Visitor: 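Handing you a structure now.
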Amino acid sequence: MPSLSSSTLAIPAAGDVPRHVAIIMDGNGRWATRRHLPRVAGHARGVETVRAMVEGCSQAGVEYLTLFAFSSENWRRPADEVSYLMGLFLRVMEREVSRLERRGVRLRVVGDTSAFEPKLRESIRKAEARTAGNDHLHLTIAANYGGRWDILNAFHQLLRARPELAADPESITEEDMAPYLAMAYAPEPDLFIRTGGEQRISNFMIWQLAYTELYFTDRFWPDFDREALAEAFTWYRQRERRFGRTSAQLAAAAAAAAQRG
Ligand code: FPP
């Protein structure tokens with residue numbers, strides 16, 4: 001085998017349920033506008049979908065659920081919408097944590113949270129600490145997150161930890177970088193879902209989505225319910241994940257695994 005340096009070398013065990021689901025929750029504003037409501041009403045309803053997804057994924061056996069709540073680019077929105085979203089995040093951190101605790105959910109927030117108000121940062125810290133012992137479902141909220149920021153940040157941290165690498169850049173491998181990514185604790189997503197009709201990755205987990213199955217739906221996030229999640233899982237089950245290999249290689253690997261028992 002050539003000296004290929006890739007974080008996705010092994011053929012992952014094919015499962016019916018994705019281990020890691022990553023979602024771009026899009027369409028809140030349009031959902032509200034269609035109902036002649038202010039855009040922020042869509043964000044408020046979006047929280048109900050978040051609850052439904054946590055329950056749905058948890059019951060289906062998903063281990064990691066990652067939600068893109070606020071991108072680095074979202075600061076460009078009207079000031080009153082940004083301010084509403086910050087207040088909503090604070091309420092979610094304060095009010096949802098007991099429910100998450102009861103359900104065995106571990107919550108983490110990834111992204112450059114240094115830009116948030118101290119009160120929000122503190123509520124994030126407390127929510128993360130209160131759920132740190134849980135491992136039934138790992139829920140990650142990406143907030144003020146961008147995939148390029150994540151990669152660059154990982155690179156900075158790697159060079160800070162191992163400055164000698166700067167003198168020999170060609171020796172740097174994917175495996176050196178990966179532990180410094182914000183979500184180093186999670187496997188790469190198996191299934192990516194974007195609601196709201198756009199077919200873009202929008203700078204979300206661009207490193208980790210390299211081999212992920214991409215599912216796009218026209219449904220707005222507030223309308224994305226457990227039935228819609230089940231449809232996405234059905235679509236996922238029908239995908240053949242080859243990771244650059246041929247179908248015959250996958251069939252041989254599956255037969256060998258079956259023989260091992
Ligand atoms: C995108 O819809 C949605 C957001 C930028 C905010 C998402 C936030 C929530 C669903 C609240 C949940 C909070 C937490 C902490 C999980 P959009 O406004 O871009 O919709 P549009 O494309 O129709 O305008």
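All values reported here derive from a predicted model rather than from experimental measurement.
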Visitor: For residues Phe116 and Asn144, report the shortest heavy-atom separation together with the two atoms involved.
Guide: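 For Phe116 and Asn144, the tightest heavy-atom pair comes out as CZ-CB, 3.8 Å.
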
Visitor: Report yes if some heavy atom in the side chain of Val17 is under 4.5 Å from a heavy atom in the side chain of Val62; otherwise report no.
Guide: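 With C-beta onward as the side chain, the pair touches.
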
Visitor: Please report the shortest heavy-atom distance between Leu37 and Trp31, naming the atom on each side.
Guide: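 Here Leu37 and Trp31 meet closest at CD1-CZ3, 4.2 Å.
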
Visitor: List in chain and number order the residues that pass side chain to side chain contact (heavy atoms under 4.5 Å, CB included) with Thr234, two or more places apart in sequence or in another chain; answer none if no residue qualifies.
Guide: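 Result, side chain to side chain contact (heavy atoms under 4.5 Å, CB included) vs Thr234: Arg237, Gln238.
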
Visitor: Test your reading of the model: is there a side-chain donor-acceptor pair from Trp221 to the backbone of Gly46, 3.5 Å cut-off?
Guide: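 Confirmed, Trp221 side chain pairs with Gly46 backbone.
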
Visitor: Output every pair passing salt bridge (Lys or Arg N to Asp or Glu O under 4.0 Å) with a member in residues 71-86, not counting sequence neighbours, ordered by first then second residue.
Guide: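 Of all non-adjacent pairs touching residues 71-86, those that pass salt bridge (Lys or Arg N to Asp or Glu O under 4.0 Å) are Arg39-Glu81, Arg77-Glu81.
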
Visitor: Once salt bridge (Lys or Arg N to Asp or Glu O under 4.0 Å) is applied, do any residues pair with Glu96, and if so which ones, sequence neighbours excluded?
Guide: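 Partners of Glu96 under the salt bridge (Lys or Arg N to Asp or Glu O under 4.0 Å) test: Arg51, Arg99.
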
Visitor: What residues, two or more places apart in sequence or in another chain, satisfy ring-ring contact (aromatic ring centres under 6.0 Å, His included) together with Tyr180?
Guide: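 Once residues adjacent in sequence are excluded, Tyr180 has no partner under the ring-ring contact (aromatic ring centres under 6.0 Å, His included) criterion.
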
Visitor: What salt bridge (Lys or Arg N to Asp or Glu O under 4.0 Å) pairs are there with at least one residue in residues 114-123, not counting sequence neighbours?
Guide: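 Salt bridge (Lys or Arg N to Asp or Glu O under 4.0 Å) check on residues 114-123 returns Glu122-Arg125.
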
Visitor: Which residues pass the side chain to side chain contact (heavy atoms under 4.5 Å, CB included) test with Ser83, sequence neighbours left out?
Guide: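 Ser83 satisfies side chain to side chain contact (heavy atoms under 4.5 Å, CB included) with no other residue.
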
Visitor: Can you name the ring-ring contact (aromatic ring centres under 6.0 Å, His included) partners of Tyr84, sequence neighbours left out?
Guide: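 For Tyr84 there are no ring-ring contact (aromatic ring centres under 6.0 Å, His included) partners, ignoring immediate neighbours.
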
Visitor: If a pair satisfies salt bridge (Lys or Arg N to Asp or Glu O under 4.0 Å) and one of its residues is in residues 21-32, list it, with sequence neighbours excluded.
Guide: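 Those involving residues 21-32 are Asp26-Arg30, Asp26-Arg194.
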
Visitor: Which residues pass the ring-ring contact (aromatic ring centres under 6.0 Å, His included) test with Phe220, sequence neighbours left out?
Guide: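 Per chain and number, Phe220 pairs via ring-ring contact (aromatic ring centres under 6.0 Å, His included) with no residue.
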
Visitor: With side-chain contact (heavy atoms from CB on, under 4.5 Å) as the test, would you mind laying out the steps for Glu55 and Arg226 before giving the verdict?
Guide: CA-CA 9 Å; Glu55 281 174 24; Arg226 288 184 58 169; 3.9 Å; yes

Visitor: Extract all donor-acceptor atom pairs below 3.5 Å that involve side chains of residues 148-158 and protein atoms in other chains or at least two apart in sequence.
Guide:
unit_1: Asp150; atom_1: OD1; unit_2: Ala182; atom_2: N; d: 2.8
unit_1: Asp150; atom_1: OD2; unit_2: Tyr145; atom_2: OH; d: 2.9

Visitor: Looking only at atom types and distance, does a side-chain atom of Thr212 sit under 3.5 Å from a main-chain N or O of Pro189, one as donor and one as acceptor?
Guide: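 Yes; at least one donor-acceptor contact below 3.5 Å.
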
Visitor: State whether the side chain of Glu188 and the backbone N or O of Ala210 hold a donor-acceptor pair below 3.5 Å, judged by distance alone.
Guide: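 No, the answer is negative, given that no donor and acceptor are paired below the 3.5 Å cut-off.
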
Visitor: Nearest heavy-atom pair of Leu88 and Ala44: which atoms, and what distance?
Guide: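 It is CD2-N, 4.2 Å.
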
Visitor: Without swapping roles, check the side chain of Thr131 against the backbone of Leu107 for a donor-acceptor pair under 3.5 Å.
Guide: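 Confirmed, Thr131 side chain pairs with Leu107 backbone.
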
Visitor: Tell me the closest heavy-atom pair linking Cys57 and Leu65, and the distance in Å.
Guide: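 It is SG-CD1, 4.0 Å.
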
Visitor: For His138, check ring-ring contact (aromatic ring centres under 6.0 Å, His included) against everything at least two apart and list the hits.
Guide: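 By the ring-ring contact (aromatic ring centres under 6.0 Å, His included) rule, His138 matches Tyr64.
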
Visitor: Going from CG on Leu191 to CG on Leu209, what distance comes out if it is rounded to the nearest 0.5 angstrom?
Guide: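 Separation between the atoms: 10.5 Å.
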
Visitor: Does some side-chain heavy atom of Met25 sit less than 4.5 Å from a side-chain heavy atom of Thr49?
Guide: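 When only atoms from C-beta onward are counted, Met25 and Thr49 do not touch, as no gap falls below 4.5 Å.
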
Visitor: What pairs of residues pass the salt bridge (Lys or Arg N to Asp or Glu O under 4.0 Å) test when at least one of them lies in residues 41-50, not counting sequence neighbours?
Guide: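 Sorted pair list: Arg45-Glu48.
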
